[in-house]
Trainee: 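Just passing along the structure, written as structure tokens.
Order of the sequence lines fixes the chain letters, A, B, ..., with proteins taken first and strands second; residue numbering starts at 1 for each chain.
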Amino acid sequence: MTFSNTLIYWYLQNNRDLPWRKSRNPYFIWLSEIMLQQTRVAQGLSYYLKFTDTFPTVFDLAKADESTVLKMWQGLGYYSRARNLHFSAKQIANELNGEFPSTYKEIIKLKGIGDYTASAIASICFNEPTAVVDGNVYRVLSRYYGIKTPINSSAGIKEFKALAQTLIDESQPGTFNQAIMDFGALHCKPQNPLCDSCPFSGSCMALEKKLTNELPVKEKKIKVRKRYFNFLVIKTDDNKTILSERKGKGIWQGLFQFPLIESNKNINKNELVSSEEFIDLFPAETTISLFNEKEIVHKLSHQHLYTQFWIIETKKLNKATIKWTEIEKHPVPILIANFLETFLTKK
DNA sequence: TATACGTGGGA
DNA sequence: TTCCCAAGTAT
């Protein structure tokens, strides 16, 4: 048996029944692939159903406001995926007559689509034999072949792509690609892989050399930055608040938040009110209380946010305000959504 | 090319 | 608790 035959045989018996597998419509496959980037199926599934329900075609997605798309993406993370998805949807609808590009070379030109996603769509929807290399593929191949090249080095990226390309079943590339990913996700798992019942146990290099737990090799750990956020949750006499969009680079681009004062450490009320930014916002009299006695630590992949929510009661403001009931229409980071849920429930 | 970009689940 | 990490991409 070849590697590919063994794999596909396993897949035919063990594949997951997932909604996007009922279709070869590139729009649906594209949606699922973008949503599942760095995201577990269990987390992305409900978003996929919501998106395909609300936006059954690429034209529906293209017609929506970016803010609407981000609101629907709220909670899924890596929001640039949603912005790029929307950007590309408009391009497909308006410049390509709604027709999804049909080759790897053309697909990868779209914003938000890289080597992995272009390969996935090209193979699944158009039978182009181009191998996907995602986290599952790195794990399966590094173990089976005992390859110690770091998977996040440029040498590793090339080596594994080339290897996967030699293994792909050219007569059913989409099935092969999905099979190797499902096998990695369900069987050759990061922790506690099912080596006892593995169809490759007779020829797996990692199993033979007891290297399963050492592979794949990944170099360098990420550095985590600590930041201290003070959100100013305003309640005016006429029951309004301030919510503004995060612009420019950095986290949560395009999402909304309460006015934010960042500091070098957790600060107390006196330090808050004497800060320049605070005085700038509230020249008038205010009543202030700290909502969360203990800081909330919100962990992102590269940052730990030590967060305090300050409840500020004040008179009418001259700045741009919105009604409290309109907050929920805006996309917000999960940190803010969680706060709102607690705050509004307590009231 | 190294780094930034979210969130949640499992061990 | 802490750490890893999950169908990657952009810059």
Trainee: Could you state the CD1-P distance from A:Ile113 to C:dA10, rounded to the nearest angstrom?
Mentor: 8 Å
Trainee: Pick the closest DNA chain C nucleotide for A:Lys299 and for A:Gln38 by heavy atoms, then say which residue is nearer the 5' end.
Mentor: A:Lys299
Trainee: What is the nucleic acid contact for A:Ile222, judged by heavy atoms within less than 4.0 Å: base, sugar-phosphate only, or nothing?
Mentor: nothing
Trainee: Base, sugar-phosphate, or nothing for A:Arg139, non-hydrogen atoms under 4.0 angstrom?
Mentor: sugar-phosphate
Trainee: For B:dT1, does OP1 or OP2 lie under 4.0 Å from any side-chain N or O of A:Ser154?
Mentor: yes
Trainee: Answer yes or no: side-chain N or O of A:Arg16 and base N or O of C:dA7 forming a donor-acceptor pair under 3.5 Å.
Mentor: yes
Trainee: Counting the atoms with a prime plus P, OP1 and OP2 as sugar-phosphate, which does A:Thr117 contact under 4.0 Å by heavy atoms, base, sugar-phosphate, or nothing?
Mentor: sugar-phosphate
Trainee: Ignoring backbone atoms, establish whether A:Trp252 has a side-chain N or O less than 4.0 Å from OP1 or OP2 of B:dT7.
Mentor: yes
Trainee: Hey, is the side chain of A:Thr39 pairing donor to acceptor with the base of B:dG6 inside 3.5 Å?
Mentor: yes
Trainee: By the 4.0 Å heavy-atom rule, please label A:Leu18 as base, sugar-phosphate, or nothing.
Mentor: base
Trainee: Is the shortest side-chain heavy-atom distance between A:Arg83 and A:Leu70 below 4.5 Å?
Mentor: yes
Trainee: What class does the angle between the rings of A:Phe343 and A:Trp324 fall in, given that below 30° is parallel, 30 to 60° is tilted and above 60° is perpendicular?
Mentor: tilted
Trainee: Closest-nucleotide mapping onto DNA chain B: is A:Asn152 or A:Arg227 further toward the 5' terminus? I mean the 5' end.
Mentor: A:Asn152
Trainee: Using a cut-off of 4.0 Å on non-hydrogen atoms, how would the nucleic acid contact of A:Gly184 be classed: base, sugar-phosphate, or nothing?
Mentor: nothing
Trainee: Could you check whether A:Leu300 gets within reach of a base, just the sugar-phosphate, or nothing at all, counting any heavy atom under 4.0 Å?
Mentor: base
Trainee: Pick base, sugar-phosphate or nothing for A:Trp20, based on heavy-atom distances below 4.0 Å to the nucleic acid.
Mentor: base
Trainee: Expressed in angstrom and rounded to an integer, what is the separation of A:Leu76 atom CG from C:dG8 atom C1'?
Mentor: 13 Å
Trainee: Looking only at side chains, do A:Asp65 and A:Ser67 share a donor and an acceptor under 3.5 Å apart?
Mentor: no
Trainee: When the distance from CD of A:Gln43 to P of B:dG6 is rounded to whole Å, what number comes out?
Mentor: 13 Å
Trainee: Which is true for A:Gln303 with a 4.0 Å heavy-atom rule: it touches a base, it touches only sugar-phosphate, or it touches nothing?
Mentor: sugar-phosphate
Trainee: Please examine the side chains of A:Met205 and A:Arg143, heavy atoms only from C-beta on, and report whether any two atoms are closer than 4.5 Å.
Mentor: no
Trainee: A:Gln37 has an atom CD; how far is it from atom C1' of C:dG8, in whole Å?
Mentor: 5 Å
Trainee: Considering heavy-atom distances to DNA chain C, does A:Lys111 or A:Arg40 have its closest nucleotide positioned more toward the 5' end?
Mentor: A:Arg40
Trainee: Looking just at side-chain N and O atoms, do A:Gln37 and A:Thr117 make a donor-acceptor pair shorter than 3.5 Å?
Mentor: yes
Trainee: Within 45° of the ring axis of A:Tyr228 and under 6.0 Å from its six-membered ring centre, is that where the NZ or CZ of A:Lys265 lies?
Mentor: no
Trainee: How long is the line joining NZ of A:Lys249 and C1' of B:dC5, in whole Å?
Mentor: 13 Å
Trainee: In this structure, how many angstroms lie between the P atom of C:dT9 and the CD atom of A:Gln253, rounded?
Mentor: 18 Å
Trainee: Donor-acceptor pair under 3.5 Å: do we get one between A:Tyr116's side chain and the base of C:dG8?
Mentor: no
Trainee: What is the nucleic acid contact for A:Gly44, judged by heavy atoms within less than 4.0 Å: base, sugar-phosphate only, or nothing?
Mentor: nothing
Trainee: Can you tell me if A:Tyr79 touches the phosphate of B:dT7, counting only side-chain N or O atoms and a distance under 4.0 Å to OP1 or OP2?
Mentor: yes
Trainee: Please give, in whole Å, the distance from B:dT7 P to A:Arg81 CZ?
Mentor: 10 Å
Trainee: Taking CZ from A:Arg225 and C1' from B:dT3, how many angstroms apart are they, rounded to a whole number?
Mentor: 12 Å
